[in-house]
Amino acid sequence: MKDEEVIKSPDTEREDRVPPGQKLTEKWPALHEGSVPDIDISKWQFTIFGLVEKERKLNYQEFTALPQVKVSSDIHCVTGWSKLDNLWEGVSASQIKQLVGILPDAGFVMVHSEGGFTTNLSFSDFFQPDVIFATKHNGAPLTPAHGYPLRLVVPRLYFWKSAKWVNGVEFIDEDKPGFWESYGYHNRGDPWKEERYSR
């Protein structure tokens, strides 16, 4: 894929790409609550529900048959490490708009993952061009520890917003905290403002 066909997250164009309180790493630490789920890909489904005209379910083959994009971004983890120049491949969050009719009252999404994990996002954050449902990282399929079979990547926010093991998106009318947000993480998580915790 030609370089101009890769969507570049705007933060990769900053003169100083490391937010305050962060340190660079070449590694990619795998951090999560509990154990890595054992997902049977033959039974996996991606569900789009909530404030939509009609709920939609896609199996893995149907989801990966959707138009694919590549996104180049940096990662900033709330624990203090940053990893630059990551290449993601998958389905743009904007593609979700093409799959369902979103009702006018909706203004937020709750992203759902295996094991009951969730994370909340506003439309303005979720529908950015560099937000992607990724199946690959740097040319290789995601490993289970990093979110296989599907990981949301929200490059401009702290990495906990980039939920692992995603299996659905719910459109909602009012913002409400996801899993980590309900435990005191910031509701939005802008690394450039150090929005790590809400209290």
Side-chain angles (χ1 to χ4, degrees), residues 7 32-71 73 88-137 141-183 185-189:
I7 299 165
H32 45 260
E33 175 77 10
S35 58
V36 175
D38 183 14
I39 297 173
D40 183 346
I41 201 67
S42 69
K43 297 179 180 177
W44 181 88
Q45 284 190 320
F46 184 88
T47 305
I48 308 167
F49 64 107
L51 294 177
V52 295
E53 292 176 359
K54 186 178 180 181
E55 183 176 298
R56 183 85 184 268
K57 292 179 182 286
L58 295 92
N59 63 30
Y60 188 71
Q61 290 72 27
E62 291 167 335
F63 190 88
T64 54
L66 295 172
Q68 302 286 298
V69 296
K70 291 185 177 182
V71 171
S73 83
W88 309 96
E89 298 177 51
V91 175
S92 170
S94 298
Q95 181 66 31
I96 304 301
K97 289 180 181 178
Q98 313 303 317
L99 300 177
V100 294
I102 302 171
L103 297 178
D105 288 348
F108 301 88
V109 297
M110 186 68 76
V111 178
H112 293 259
S113 299
E114 198 73 23
F117 290 100
T118 55
T119 195
N120 59 308
L121 292 157
S122 67
F123 273 17
S124 59
D125 285 325
F126 181 71
F127 285 122
Q128 290 296 329
D130 57 346
V131 175
I132 183 174
F133 289 95
T135 57
K136 293 183 178 180
H137 174 259
L142 290 173
T143 63
H146 284 300
Y148 171 86
L150 192 68
R151 178 175 200 148
L152 178 68
V153 178
V154 187
R156 300 184 224 186
L157 301 181
Y158 279 124
F159 207 43
W160 88 79
K161 290 288 187 180
S162 297
K164 300 180 183 182
W165 314 305
V166 171
N167 56 24
V169 171
E170 178 186 8
F171 288 94
I172 55 179
D173 58 348
E174 293 183 358
D175 196 13
K176 55 184 179 181
F179 177 84
W180 288 110
E181 296 81 12
S182 67
Y183 280 94
Y185 280 54
H186 195 277
N187 194 57
R188 181 159 185 258

Note, K54 side chain near V100 side chain (heavy atom, < 4.5 Å): no

Under 3.5 Å: donor-acceptor pair, side chain of S113, backbone of K164: yes

Close side-chain approach of V69 and P67, heavy atoms under 4.5 Å: no

Partner residues of R188 under the salt bridge (charged side-chain N to carboxylate O under 4.0 Å, His left out) criterion, sequence neighbours left out: D125, D190

Sub-4.5 Å side-chain heavy-atom contact between L103 and F171: no

Distance-minimising heavy-atom pair for A134 and V153: CB-CG2, 4.0 Å

Heavy-atom side-chain proximity of T47 to R56 below 4.5 angstrom: no

Candidate pair K161 and N120, rule side-chain hydrogen bond (donor to acceptor under 3.5 Å, both in side chains), full reasoning: CA-CA 8 Å; K161 290 288 187 180; N120 59 308; 3.2 Å; yes

Note, F46 side chain near V169 side chain (heavy atom, < 4.5 Å): yes

Interatomic spacing from CD1 in I172 to CZ in F123 - rounded to 0.5 Å: 9.0 Å

Over all atoms of both residues, closest heavy-atom pair of T118 and G178: OG1-CA, 3.4 Å

Residues in salt bridge (charged side-chain N to carboxylate O under 4.0 Å, His left out) contact with E55, at least two apart in sequence or another chain: K57

Distance, nearest 0.5 Å, that separates NE2 of H137 from NE2 of H146: 8.0 Å

Separation between NZ of K70 and CD of E89, rounded to the nearest 0.5 Å: 4.5 Å

Qualifying side chain to side chain donor-acceptor pair (under 3.5 Å) pairs with a residue from residues 94-107, counting only residues at least two apart or across chains: none

All side chain to side chain contact (heavy atoms under 4.5 Å, CB included) counterparts of D38, not counting sequence neighbours: none

Parallel, tilted or perpendicular, as decided by the 30° and 60° cut-offs, for the rings of W88 and F159: tilted

Nearest atoms (heavy-atom pairs only) where E181 meets P177: CB-CB, 3.7 Å

Pair F49 + H112: ring centers closer than 6.0 Å: yes

Spacing of CG belonging to N59 relative to NZ belonging to K43, to within rounding of 0.5 Å: 14.0 Å

Separation between OG1 of T135 and OH of Y148, rounded to the nearest 0.5 Å: 10.0 Å

Contact check, side chains of F133 and L66, non-hydrogen atoms, under 4.5 Å: no

Atom of L152, atom of V131 and distance for their closest heavy-atom approach: CD1-CG1, 3.8 Å

V154 versus S162, closest heavy-atom pair with distance: N-OG, 2.9 Å

I39: partners by side chain to side chain contact (heavy atoms under 4.5 Å, CB included), with sequence neighbours left out: P37, W44, E114, P149, W165

Non-neighbouring partners of A65 that pass side chain to side chain contact (heavy atoms under 4.5 Å, CB included), sequence neighbours left out: none

Check: Y158 ring centroid to Y185 ring centroid under 6.0 Å: no

Spatial distance of atom NZ (K176) from atom CD (E170) [nearest 0.5 Å]: 5.0 Å

Minimum heavy-atom distance between G189 and W160, given as atom pair plus value: CA-CH2, 3.8 Å

